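From a predicted model like this one, the values you see are computed outputs, not experimental measurements.
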Amino acid sequence: MPSPQPPYEQVRREILEQVRTGELTPGDRLPAIRTYAADLGLAPGTVARAYKLLEESQILLTRRGAGTTIAPGAAMEARKLATTAQREPGGPVDAGLVSLFAGPIAAARARGARDVEILASVRAALAGESDGGGA
């Protein structure tokens, strides 16, 4: 899995994609963590972290004695998560942009804006939206 992403994230995204495309469907059982880790040549903790993140996203269900299965409604959740990932692929951090935004971010925080509001405003600006609303 040559990728700049950490191995647990690669495992998480692979399972997510299999759910999104219908290759894995609700009720399908996933391999045990140790088995899957051995198959992939990874540490069990790496696969456990991916499974945990997918459980938190309501993609997987893990029950003691019953193993890990694809959760009901997982396909819809996977599609939502995939859409978000396509919209926000991330990228390298540009130190010049960080310093450029530092002043306006500090000013917004001084006005009482929360980070989530600042991010939403930046996204709106990037999308060319300006409704003139806000506090």
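Residues Leu61 and Tyr36 do not share a hydrophobic cluster, defined by chaining ILVMFWY side chains whose heavy atoms lie under 4.5 Å apart. Hydrophobic clustering of Ile, Leu, Val, Met, Phe, Trp and Tyr side chains at less than 4.5 Å, counting indirect connections, keeps Val19 apart from Tyr8. Residues Leu54 and Leu40 share a single hydrophobic cluster, defined by chaining ILVMFWY side chains whose heavy atoms lie under 4.5 Å apart. In the hydrophobic clustering of this structure, Leu16 does not group with Met76; members are Ile, Leu, Val, Met, Phe, Trp, Tyr whose side-chain heavy atoms approach within less than 4.5 Å, directly or through other members. Follow the hydrophobic side-chain contacts under 4.5 Å out from Ile118 and you reach Phe101 in the same cluster.
Closest approach of Pro26 to Pro72, counting heavy atoms only: CB-CA, 4.0 Å. Here the closest heavy-atom approach between residue Thr25 and residue Gly22 is recorded as CG2-O, 3.4 Å. Between Arg79 and Arg20 the shortest heavy-atom distance is CG-CG, 3.7 Å. A pairwise comparison of heavy atoms in Gln58 and Ala71 identifies O-CB, 3.6 Å as the closest pair. Here the closest heavy-atom approach between residue Asp28 and residue Glu23 is recorded as OD2-O, 4.1 Å.
Checked options Thr69, Thr35, Leu60; the residue passing with Leu30 is Leu60 (criterion: side chain to side chain contact (heavy atoms under 4.5 Å, CB included)). Residue Arg12 is tested with Ile59, Leu53, Val47 for a side chain to side chain contact (heavy atoms under 4.5 Å, CB included); the sole match is Leu53.
Between Lys52 and Glu55 no salt bridge is recorded (no basic side-chain N to carboxylate O distance below 4.0 Å). A salt bridge links Arg13 to Glu9: at least one charged side-chain nitrogen sits closer than 4.0 Å to a carboxylate oxygen.
Residues Glu14 and Gln10 bring no donor and acceptor atom of their side chains to less than 3.5 Å of each other.
Distance check: Arg29 CZ to Ile70 CD1 gives 12.0 Å after rounding to the nearest 0.5 Å. To the nearest 0.5 Å, the span separating CG on Leu24 from CD on Glu17 amounts to 10.5 Å.
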